[in-house]
Amino acid sequence: CMREAYAHEKNLGFTRQAPDLRHIVIVGGSGQMGQLFGRMLRLSGYDVHSLDRDDWDRADELLSDAGMVLVSVPIQDTVSVIERLPTLPDDCLLVDLTSTKAGPMAAMLAAHPGPVLGLHPMFGPDVDNLAKQVVAYVPGRDPEASTWLLEQIRLWGARLHQVSAADHDHAMGLIQAQRHFATFADGLHLIREDRSLDELLALSSPIYRLELIMIGRLFGQNPELYADIIMSSPDNLALIERYHDRFAEALEILRAGDREAFIARFREIGEWFGPHAGRFRAESQSLLAHADAQR
Ligand code: NAD
């Protein structure tokens, strides 16, 4: 199986795609994603150093001859850390892993006249390997200088998807910030209604259990991470405000008891989803069958 093949390769290492690259510095290399990328890059034969919070007195020494600098610090510190970087070699590739792209891309392009690439790994630090994971990338400057890195990531098993910074941030707002915020509001609603969760689960057939799982799983994770994802940009607030307006619009249909309007909107949304609506239904059914067998 493909996953096993990658797990195996992980132990052996990967072919190095840039044989002549000078050393790599990961700013925030002791963090979760910094460690993951450090491990993958070392397994691919690169010389990787970390510059973390307390290492700035060594910044010049570490960075003055770097072949690549990878910024992987908390979202809210990213722009200031990029601005704080000393002058990098002209040919040094400056890359970041930030979950938002517009701010970090602008900061990297302003801070460094050489090659720039934005990455956003669409997974957390707890993955075993990168097989089938998605990495979004935003070309910054001199794309040829980062071809090797994209090839390297492909070799790790990930699927790459090119996107502009603005499109990335809007899509992430919808996929992550607004979804997570709606889940946060669902959680708030549940605690205010305060029914026994055990009773709710006892009354839930598999699909409803899955719906509860999708809410509850959020609250087993790091609240700081979700605060950052949701609050990382003012665009997210604007997006969530539009969501709030649409909730009010939907509620108005309910208040008016307008069954016909509800059905008309329902059909309209179904048309927007098109053939995916049926596909999603089939996919969720097979997920449920699988989940049920696992329990
Ligand atoms: P983390 O908190 O685990 O690691 C951040 C690291 O940066 C820490 O080691 C910290 O000491 C260091 N750091 C903080 N300020 C610094 C400074 N001024 N100078 C140098 N180092 C400093 O965070 P993480 O989860 O690894 O996230 C890092 C980046 O990866 C973020 O941009 C985040 O958006 C992105 N990302 C995270 C995930 C995820 O699920 N964790 C997923 C995709 C992308």
Side-chain angles (χ1 to χ4, degrees), residues 24-42 48-63 66 68-86 88 94-108 111-112 116-138 140 149-150 153 156-161 163 165 168-177 179-180 183 217-233 235-236:
I24 294 173
V25 176
I26 303 183
V27 184
S30 308
Q32 300 195 82
M33 295 304 279
Q35 282 185 45
L36 173 64
F37 274 75
R39 187 162 70 242
M40 296 308 291
L41 289 164
R42 282 189 195 99
V48 182
H49 300 257
S50 171
L51 188 163
D52 215 272
R53 211 185 277 280
D54 301 326
D55 304 325
W56 283 94
D57 50 343
R58 292 170 49 225
D60 283 326
E61 174 199 334
L62 281 165
L63 296 168
M68 166 172 145
V69 173
L70 177 63
V71 179
S72 182
V73 299
I75 302 181
Q76 66 276 13
D77 301 318
T78 300
V79 168
S80 63
V81 162
I82 291 167
E83 286 168 349
R84 197 177 163 185
L85 291 172
L88 303 173
L94 179 58
V95 187
D96 79 311
L97 297 182
T98 321
S99 309
T100 59
K101 293 272 57 92
M105 289 306 293
M108 289 195 295
H112 177 52
V116 168
L117 176 73
L119 294 176
H120 179 197
M122 299 289 163
F123 48 86
D126 44 2
V127 297
D128 279 342
N129 60 72
L130 269 57
K132 300 201 178 155
Q133 299 293 346
V134 175
V135 178
Y137 71 98
V138 180
L149 178 58
L150 299 178
I153 294 169
W156 295 339
R159 182 163 65 76
L160 287 152
H161 183 81
V163 65
H168 168 276
D169 290 357
H170 181 246
M172 281 310 116
L174 283 168
I175 295 169
Q176 298 189 329
R179 271 319 315 145
H180 294 322
T183 305
R217 74 182 295 281
L218 185 81
F219 302 96
Q221 300 174 66
N222 180 354
E224 279 99 9
L225 178 68
Y226 287 93
D228 288 349
I229 289 174
I230 293 167
M231 297 176 179
S232 60
S233 99
D235 294 343
N236 287 343

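Atoms within each ligand, like the ligands themselves, are counted from 1 in listed order.
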Between [atom1] on residue [X] and [atom2] on residue [Y], distance to nearest 0.5 Å:
X    : Y    : atom1 : atom2 : value
N236 : L174 : CG    : CG    : 9.5 Å
S99  : L119 : OG    : CG    : 11.5 Å
L63  : R58  : CG    : CZ    : 10.0 Å

Tabulation required: pairs of a nitrogen or oxygen in ligand 1 and a protein nitrogen or oxygen under 3.5 Å; columns are atom names and distance to 0.1 Å; otherwise 'none'.
unit_1, atom_1, unit_2, atom_2, d
ligand 1, 3 (O), Q32, N, 2.9
ligand 1, 9 (O), G31, N, 3.0
ligand 1, 9 (O), D52, OD1, 3.3
ligand 1, 9 (O), D52, OD2, 2.8
ligand 1, 11 (O), D52, OD1, 2.4
ligand 1, 19 (N), W56, NE1, 2.9
ligand 1, 21 (N), R53, N, 3.2
ligand 1, 26 (O), Q32, N, 3.2
ligand 1, 26 (O), M33, N, 2.8
ligand 1, 32 (O), V73, O, 3.0
ligand 1, 34 (O), S99, N, 3.1
ligand 1, 34 (O), S99, OG, 2.8

Any idea how F37 and F123 line up, ring-wise: parallel (<30°), tilted (30 to 60°), or perpendicular (>60°)?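 F37 vs F123 ring planes: parallel.
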Please examine the side chains of V73 and D96, heavy atoms only from C-beta on, and report whether any two atoms are closer than 4.5 Å.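 Result no, sub-4.5 Å side-chain heavy-atom pair not found.
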Just one of V27, L117, L88 clears the side chain to side chain contact (heavy atoms under 4.5 Å, CB included) bar with L94, so which one?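 When V27, L117, L88 are each tested with L94, the side chain to side chain contact (heavy atoms under 4.5 Å, CB included) holds only for L88.
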